[in-house]
Amino acid sequence: EADVDKNGYIDMIELGPVLRGLGLFKDMAPRDAATFLCSQFETIDSNSDGMIKFDEFVAFYNNAVDCQKSGEQMPSGKALREELHRARLAEAMALKELELVLQSEMELQTKVQELSSKLEFVQGSK
């Protein structure tokens, strides 16, 4: 797991081994690897708060794996931010759908309770 200190974020120190594990430092001089690490951290940290959150990391990681499979270069920061934005929109839409389903379920439960009460009243008046 990338979040070694389990604080819920990935910092620059934790990102290095992840990038190395993906083979992104292969054939790089140490100085180039350090520069690459800094630039990737800034790219992945889409809100520039100095911490990489789970959704930011997932967007980066998925792109990195796809690039490895296809032999392409890593996408730009803009591409990563766009994918993260799409993922957040999809999540928001899914949450809205869930909210609507839960609201419908609550309305249905209320109607069932009303009908149960009416049925009990009708059966009780016989």
Side-chain angles (χ1 to χ4, degrees):
E1 183 164 307
D3 182 17
V4 176
D5 60 10
K6 308 286 188 223
N7 66 354
Y9 303 100
I10 298 171
D11 57 32
M12 182 121 28
I13 293 169
E14 293 167 326
L15 183 61
V18 172
L19 297 181
R20 189 173 295 106
L22 290 170
L24 298 178
F25 292 153
K26 191 193 305 188
D27 301 326
M28 278 191 198
R31 185 175 183 170
D32 294 338
T35 301
F36 181 76
L37 173 62
C38 291
S39 70
Q40 287 303 302
F41 188 88
E42 289 174 5
T43 298
I44 300 166
D45 182 18
S46 61
N47 64 357
S48 301
D49 65 356
M51 299 176 284
I52 297 174
K53 290 166 202 56
F54 182 74
D55 57 348
E56 293 172 323
F57 179 74
V58 168
F60 161 77
Y61 186 82
N62 289 340
N63 274 317
V65 169
D66 289 345
C67 288
Q68 263 191 336
K69 288 178 183 175
S70 67
E72 295 177 20
Q73 279 191 319
M74 285 290 296
S76 67
K78 181 180 178 186
L80 288 173
R81 285 189 290 280
E82 287 172 356
E83 181 176 331
L84 179 59
H85 179 70
R86 284 191 300 274
R88 286 180 176 160
L89 285 176
E91 178 184 32
M93 289 172 48
L95 287 173
K96 186 63 176 173
E97 285 182 37
L98 179 59
E99 183 180 307
L100 292 173
V101 166
L102 290 174
Q103 182 180 359
S104 296
E105 186 175 312
M106 289 174 54
E107 290 170 0
L108 186 59
Q109 285 178 348
T110 301
K111 288 183 182 186
V112 166
Q113 288 173 347
E114 289 172 2
L115 289 173
S116 293
S117 296
K118 287 180 182 179
L119 181 60
E120 288 174 13
F121 177 74
V122 169
Q123 289 176 340
S125 64
K126 286 186 180 179

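Positions are given from 1, in the same order as the sequence printed here.
Taking CD of Gln40 as the start and CG of Leu19 as the end, the distance is 6.5 Å to the nearest 0.5 Å. Interatomic distance, CD1 of Ile52 versus CD of Glu42, reported as 10.5 Å (0.5 Å rounding). Rounding to the nearest 0.5 Å gives a distance of 13.5 Å between CD of Glu114 and CG of Leu119. One distance of note links CD of Gln109 with CG of Leu102; it measures 9.5 Å at 0.5 Å rounding. Remark: Glu91 CD to Leu98 CG distance equals 11.5 Å, nearest 0.5 Å. To the nearest 0.5 Å, atoms OG (Ser104) and CD (Glu99) are separated by 10.5 Å.
In terms of heavy atoms, Val4 sits closest to Glu14 at N-OE2, 3.0 Å. Minimum interatomic distance between Ala2 and Phe57 (heavy atoms only, all atoms of both residues): CB-CZ, 4.3 Å.
With Asp55 contributing its side chain and Ala59 its backbone, the two residues share no donor-acceptor pair below 3.5 Å. With hydrogens and angles ignored, the 3.5 Å screen pairs a side-chain donor or acceptor of Glu56 with a backbone N or O of Ser46. Panel note: side chain Asp11, backbone Leu15; no donor-acceptor pair is recorded below 3.5 Å.
Under a 4.5 Å side-chain heavy-atom criterion applied to ILVMFWY residues, the cluster that includes Tyr9 comprises Met51 as well.
Surrounding CD1 of Ile13 are at most 12 heavy atoms belonging to other residues, nucleotides or ligands under 6.0 Å away. The number of heavy-atom neighbours closer than 6.0 Å to NZ of Lys118, taken from other residues, nucleotides and ligands shown, is 12 or below.
Ile10 has its side chain out of reach of Val18: every pair of non-hydrogen atoms, C-beta onward, lies at least 4.5 Å apart.
With sequence neighbours excluded, no residue forms a side chain to side chain contact (heavy atoms under 4.5 Å, CB included) with Glu120.
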